[in-house]
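Throughout, protein chains are lettered first and strands after them, A, B, ... in sequence-line order, and every chain is numbered starting at 1.
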Amino acid sequence: MVVGLPVKGVRNMSSIEIRIQELRTQIREHDYQYFVLNDPIISDAEYDALMRELRMLELSHREYQSDDSPTNRLYPAIDVQFKKVRHPQVMMSLAKAFKEKEIYDWHSRLDKEIGTEGMAWTAEPKIDGLAIALTYVNGVLVRAATRGNGEIGEDVTANIETINTVPKQLRRDTHIQVPSEIEVRGEIYMRTDEFDELNDRLRAAGEKTAANPRNAAAGSLRQKDPRVTATRPLRFFAYSIGPVSGNWPDTQWETLQALKKLGFSINDDTRRFENFEALINYARAWMMKRDELPYEVDGIVFKVDSLAQQRELGIVGTDPRWAIAYKFEARETSSTLKNITVAVGRTGVITPAAEIEPVQLSGVTVRNASLHNADLITKLDIRIGDRVLLKRAGDVIPYIIGPLLAARPADAVPWQMPTNCPVCGTALVRPEGEVAWRCPNSDGCPEQRKRRLEYAVSREALDIVGLGEQQVRMLVEKGLVSDIADIFTLTPDVFVDMEGFGEKKIANLMQSIANAKNQPVLRVFISLGIHMVADKVAQLLLQHFDSIAAIAGASVVEMSQIDGIGPVKAQNVAEFFGRPGNQQLLAKLTTLGLNVRGGRVAPRGDSLAGMTIVVTGSVPDYTREQIEALITRHGGKPTSSVSKKTTYVVAGSEPGGSKIQKATEYNISIIDWATFMVMVGSEGDVALVTPPVDIESEPPATDMPPAQSRLF
DNA sequence: GTTCCTCGAGTTCT
DNA sequence: CTCGAGGAAC
């Protein structure tokens, strides 16, 4: 480890020393351009060249090394102790508001206290990170402390010094005098994309991953070895000051501008308002914008702009009266894991599900959360009784991120996968190389039969409207239905007197069953519920064999010859038809008059020929299935995940963050719905002029929209 | 033999 | 949306 020698005093400088000083100044200025202004004036390569030259000179001329050199940033030579430190001025907490009304209430209070005539406010996004206080003496960073309880925090100076966006020296600026002493406060945080990269890296190295960007930031700051912290993508936004000597601007807004001049990143979305309605509008706009930001935001902080007015308003209890945090709906929360139950799926897979103490999470009450598989529970070390961290994937499906180990009760018990099927009692098996445990009793297990029927009538398969989980359960339990064919022989009278079925409902149901008889062969085939055969694989098979009977008669080798179908899938199909009951089922469906052969859909246009398109978010008037059908009919290929081969990502409203992120990463064009509709032709679905095209032919040259620009 | 791309299955709540 | 795993490409 390199230890810097302090160089003190004024004396003649050698040309080497002059060059070193020059380089340091230049690099600091480029850091400022890059990290603070987000507007680098030299390329990364040029920057690296400057760094290299400086590092070389310092290594060959050790006498000129210095602790505050930019090269030193990554290798602080200090051992971290995390000493407790008392904040000279308490770091206060903020009053919280959860509803718009509470913001208006706050305004009324301000009005009552000192009058709001001519008052101005600032609005700053509240980044989900860690509050930190940085002390600078004579422009040099001497101490960094965590907020702790507000009065006493921990000294994390050595770790903070590794962060690029924290200046080790205040920047000299002609417009502002550097205070001899100043405490700068702000938030240490991690960007979501950099957090994901970090987790990928940790996972690859077999290390523990972090649950969210905030925890990752906190964990990174508490590293014993600053060199580890240096590898973490930490960033810093300054938002206020503590004690300061000399002159300092007397408003929050000017404070932020001054901090920016001194070399700190401030949040560019901060605004100043003289009109309270405008401030409310800003808050509303922010709720929408939340997802588009590269970092987690958990609310907005409103402050009275004038520091004089702030002093006048003072503090009540622990919270200042002049500020309020408008909190967004939490997207992550914790609750107690009450129990883990298992469900049997249609393929026999046993899936554990978490039963949790009901809790509010992004607007709904969550009682259950998915747990995927037994291995995951073991890997995360989740125990019954634990306090667990919850999140809604894509803000929809709740899942458990992990246990809060610090809060683990002594009586928390590890969970074990049952050895037998909870429904039919058959001993569970775990196929070689698979994670899932299965109930092997596929034909006999009543739960599997029910689930398969539910799937057969679902939207992806026969789409029988009016038959859902409840109805299927009832029909099976009453012994009225035991396979798909039975559904088509149901008569209206069996529903009379049945709970939940009025005359109208029965008529509708009979109609939708009749309609289902005309479903295309693809849907009939899918409704069989063969493991590993859904939309795409079913299409492939039908294209090659043209009827379900032909597939049923095909050998494993024949099927494996199809591009996209390998031995495993082929084996699965063969096994399915090898079971006698299934051959009979197919015969029954054929007799009932369902479509069991032919029917390839011809493309209606070639505007999307050769393109692979991923849709994310929702658009008006079209369901996801309809959009995918639309893409197919125009010669394109709809897929569900973004990869390097994706041509376009069509983003509707509320697009999925991870898809957009991937698209940006691979430099894939993201187009909106309107643009997409122009591409398929304004009539969209209805335009059917061009004859069917040969899918194998070369795609026509297309004018690609400009590539996405980099964030930095 | 490894990596990348896709697909399928299961999941919550109102 | 997430995960696991099959299949093809290298």
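Atom CG of A:L541 is separated from atom P of C:dG7 by 11 Å (rounded to the nearest Å). The separation between A:I401 atom CD1 and C:dC3 atom C1' is 16 Å, rounded to whole Å. Across the protein-nucleic acid pair, A:D375 atom CG and C:dG4 atom P stand 8 Å apart, rounded to whole Å. Rounded to a whole Å, the CG atom of A:L376 is 7 Å from the P atom of C:dG4. Distance A:Q571 CD to C:dG6 C1': 14 Å, rounded to the nearest Å. If you measure from atom CD of A:E575 to atom P of C:dG6, you get 13 Å, rounded to the nearest angstrom. A:N572 places its CG atom 19 Å from the P atom of C:dG4, with the value rounded to the nearest Å. Rounded to whole Å, atom P of B:dG8 lies 15 Å from atom CZ of A:R438.
Every residue was checked against the side-chain hydrogen bond (donor to acceptor under 3.5 Å, both in side chains) condition with A:T419, not counting sequence neighbours, and none meets it. With sequence neighbours excluded, the residues satisfying salt bridge (charged side-chain N to carboxylate O under 4.0 Å, His left out) with A:D483 are A:K588. Applying the side-chain contact (heavy atoms from CB on, under 4.5 Å) criterion to A:N212, with sequence neighbours excluded, gives A:R214, A:N215, A:E332, A:L389. With sequence neighbours excluded, the residues satisfying side-chain contact (heavy atoms from CB on, under 4.5 Å) with A:V476 are A:K450, A:L453, A:V472. Here A:E460 pairs with A:S458 under the side-chain hydrogen bond (donor to acceptor under 3.5 Å, both in side chains) rule; sequence neighbours left out. Listed by chain and number, the residues in a side-chain contact (heavy atoms from CB on, under 4.5 Å) with A:E469 are A:E454, A:R473 (sequence neighbours excluded). Remark: A:P398 engages A:V366, A:A369, A:R392 in a side-chain contact (heavy atoms from CB on, under 4.5 Å) (not counting sequence neighbours).
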All N/O donor-acceptor pairs, side-chain side in residues 346-357 of chain A, below 3.5 Å, sequence neighbours left out:
unit_1, atom_1, unit_2, atom_2, d
A:R346, NH1, A:G529, O, 3.4

A:L390/A:Y399 under side chain to side chain contact (heavy atoms under 4.5 Å, CB included): CA gap, chis, key distance, verdict: CA-CA 6 Å; A:L390 292 163; A:Y399 69 94; over 6 Å; no
All N/O pairs under 3.5 Å across the protein-nucleotides 4-6 of chain B interface:
unit_1, atom_1, unit_2, atom_2, d
B:dT6, OP2, A:S643, OG, 2.8

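Under the side chain to side chain donor-acceptor pair (under 3.5 Å) criterion, the residue pairs touching residues 561-571 of chain A are A:Q571-A:E575, with sequence neighbours excluded.
Among the atoms of the strands shown, only primed sugar atoms or phosphate atoms (P, OP1, OP2) are found under 4.0 Å from some heavy atom of A:I565. Residue A:I562 is in sugar-phosphate contact alone, with no base atom involved, counting any heavy-atom pair closer than 4.0 Å across all strands shown.
For A:D196 and A:R201, the salt-bridge test fails: no basic side-chain N is under 4.0 Å from an acidic carboxylate O. Classification of A:R430 and A:D375 as a salt-bridged pair holds, one side-chain N sitting under 4.0 Å from a carboxylate O.
At C:dG4, one or more side-chain N or O atoms of A:N373 fall inside 4.0 Å of OP1 or OP2 (strictly under the cut-off).
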Reading nucleotides 9-14 of chain B from the 5' end, what letters show protein touch, with B for base, S for backbone sugar-phosphate only, - for no heavy atom under 4.0 Å? SSBBSS
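For the pair A:V615 and A:V568, both in contact range of DNA chain C, the more 5′-proximal nearest nucleotide belongs to A:V615.
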Given pairs defined as Watson-Crick or G-U wobble with both distances under 3.5 Å, what dot-bracket annotation applies to DNA chain B, with ( ) intrastrand, [ ] crossing, | other strand and . unpaired? ||||||||||....
